[in-house]
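Quantities reported herein were computed from a predicted structural model and do not represent experimental measurements. Just the heavy atoms: all of them, side chains too, but no hydrogens, waters or symmetry mates, feed the values below. Proteins come first, then strands; the chains are lettered A, B, ... in the order of their sequence lines, and each starts at number 1.
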Amino acid sequence: MTRLLRAPVPLLVPAMLAVALLVVPLVGLLQRAPWSSLVSRLVDDAVLEATRVSLIVSFSAAGLCLLLGLPLAWVLARVDLPFPRLVRAVVLLPMVLPPVVAGAALLFALGRRGLVGQWLDSWFSVTLPFTTAGTILAATFVALPFFVTTVESALVAQGRDLEEAAAVNAAGPMTAFATVTVPSIRGAIGAGLALSWARALGEFGATITFAGSLGGRTRTLPLQTFLALESDPESAVAISVLLLAVSLGVLVALRGRWLTR
Amino acid sequence: MSPLRSPTAGPARIEVRGLVRRDDFTLPLDVAIGDERTAVIGPNGVGKTTLLRLIAGLERLESGQLTIDGRVVDDAGSVFTAAHQRSVAVAFQDHRLFGHLRVVDNVAYPLRRAGLNRNTARARAAGYLAAVGLSEVAMVRPAQLSGGQRQRASIARALATPAQVLLLDEPLASVDDQSREALRDLLISTDHRTVVWVTHDPNDAEYANSTLTLS
């Protein structure tokens, strides 16, 4: 390995600039943090309410990712699909789609007059926009690909060998899935849950477009941060520090997976 | 020890006639196995492992038909009995132990699938582990075993599987010379009605009632 100072300057300088670009905003945030009143700002009623909404939304979204994403990852990894590239692109799309577009798309599909939403409304009296359920749906939409890709690549890496071994030991497909496949990729499932939960926790654009910013129902911590920037910047900074700490916590929890090589 | 074995029944007859697709060519097979202990020999790449995979139900015929005891289990079309529904046990060459389970629970796995409760399955699995000389490592995970130990654990799991047919893919390839003889005797004396044994070792072939040479 080359020592830092012996690295070619044309590579070293941009690399350092890149690190600075990532670090300076965090320093900017931390130096504005009202450290002495941090806790009191976080137990403010509006912030607590947003925290409650955020916890409900992010954990529900992670749960939905597990419930729907685990079978989807298995199908993508094990089944010969028609148009596999197209299917995979559709699954990955929310990772690169501008979140506000995701929100608009959800609105046109599930809004009261939307493609599916009008039937939900007239048949079941279910309305999703501007509800906590809608917020959960928006968060799940953007978080699902993080879970699916993490689990799918673990399934592909593991191959079919162990599932074959289960099959010749008289395990039917569902038994093999539950007793062999899932336990042997539990690390990837945990990583996928952490990533999708963190993505759901930080979700902003799709949420505000599809579910608005209603206190106690759809206003999550990121929305509360944005709102507070106008009226109470120190509160916004306090929430930001909290979310930064949570994000770092997720990375630390995943360190064995992405921070080593 | 294998509950499915009826004491009066002779060996299960296995017939494979047809084509199987390999990566870049199709392989013709015309094989009848009718003896209790059949050794399968032949150079690398002639389809010895593929033959076992077909019998086990891990691969499908491209054309033709596969019967076990006169029953068609694969006709290259609508009839295909899935692996878990065939009465077949397999010791894989690459062991394929379940990494999340202790060694004893790997061996107990097929017994649990056969409906035994956890304790009974473990007790019976311990017997098979003792037979292959692995009692001391029963409670560790497969990752802590040596290559030879893994192969012995894999043999124990296959022996524990209640099935008519036992398929062995080079089961003794990575065990040491001292234990090879004892393991060979163990495999020969299993209750499975039919044993199909892929091997490179002429000593293994000597123990078989018949030898099938693929070429």
Looking at every heavy atom in both [X] and [Y], which two are closest together, and how far apart are they?
| X | Y | result |
| --- | --- | --- |
| A/Val180 | B/His100 | CA-CE1, 3.9 Å |
| A/Pro173 | B/His84 | CD-CE1, 3.6 Å |
| B/Tyr109 | A/Thr175 | OH-O, 4.3 Å |
| A/Ala165 | B/Phe92 | CA-CE1, 3.6 Å |
| B/Phe98 | A/Asn169 | CZ-ND2, 4.4 Å |

Name the member of [options] that forms the most heavy-atom pairs with chain A at distances under 4.5 Å.
| options | result |
| --- | --- |
| B/Ala114, B/Ala83, B/Gly57, B/Ala56 | B/Ala83 |
| B/Arg113, B/Arg96, B/Arg86 | B/Arg96 |
| B/Gln85, B/Arg157, B/Arg112 | B/Arg157 |

Query raised in the report: Given a strict heavy-atom distance threshold of 4.5 Å, which part of B/Leu97 is in contact with chain A: side chain, backbone, both, or neither?
Result: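 The answer is the backbone of B/Leu97.
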Query raised in the report: Quick one: what part of B/Ala82 sits under 4.5 Å from any heavy atom of chain A, side chain, backbone, both or neither?
Result: neither
Query raised in the report: Is any side-chain heavy atom of A/Glu164 closer than 4.5 Å to a side-chain heavy atom of B/Val90?
Result: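 No. Closest side-chain heavy atoms not under 4.5 Å.
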Query raised in the report: Under 4.5 Å between any side-chain heavy atoms of A/Val168 and B/Leu58, yes or no?
Result: yes
Requested in this report: Name the member of A/Ala176, A/Pro183, A/Ser184 that forms the most heavy-atom pairs with chain B at distances under 4.5 Å.
Outcome: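 Heavy-atom pair counts peak at A/Pro183.
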